[in-house]
Amino acid sequence: MSKYDALWEYVQKNGQPSFTLTFEEIQNIAGIPIDHSFLKYKKELTEYGYEVGKISMKGQNVMFKKIG
């Protein structure tokens, strides 16, 4: 079980081809603050049919894209 499972499930249920969430929204969904380990865990998202697109430190957001 991953500490980001709640976020991955949220992304999968969203169903949009691509969308962006702020770091604050991610924290609220996952129940934990986003940190550097997110870069390691992001590959798990492919199991849910999505991938992490652009991560903007300046904009404090993450883009998610549906695979295929």
Between Y4 and Y41, ring centroids under 6.0 Å:
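Y4 vs Y41: aromatic centres under 6.0 Å.
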
Could you tell me if the side chain of T20 sits less than 4.5 Å from the side chain of F64, heavy atoms only?
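Answer no - side chains too far apart.
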
Inspect the surroundings of CD in Q60 and state if more than 12 heavy atoms from other residues, nucleotides or ligands are less than 6.0 Å away.
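More than 12 within 6.0 Å, yes.
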
Please check if W8 and I67 belong to a single hydrophobic cluster, counting links between Ile, Leu, Val, Met, Phe, Trp and Tyr side chain heavy atoms closer than 4.5 Å.
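No.
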
Spell out, yes or no, whether I55 and Y10 are grouped together once hydrophobic residues are joined by side-chain heavy atoms under 4.5 Å, including indirect joins.
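Result: yes, single cluster for both.
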
What's the shortest heavy-atom distance between [X] and [Y], and which atoms?
X	Y	answer
S2	E44	OG-OE1, 2.6 Å
Y50	Q12	CE1-CA, 3.9 Å
L21	E25	CA-OE1, 3.2 Å
A30	A6	CA-CB, 4.3 Å
S37	K3	OG-NZ, 2.9 Å
F23	M57	CZ-SD, 4.0 Å

[X] side, atom [atom1]; [Y] side, atom [atom2] - distance, nearest 0.5 Å:
X	Y	atom1	atom2	answer
Y48	N14	OH	CG	15.0 Å
N28	T22	CG	OG1	7.5 Å
D35	Q27	CG	CD	10.5 Å

Would E51 and L45 count as a side chain to side chain contact (heavy atoms under 4.5 Å, CB included) if you check the C-alpha gap in whole Å, the side-chain angles of each, and the deciding distance to 0.1 Å?
CA-CA 6 Å; E51 64 185 359; L45 185 55; 5.6 Å; no

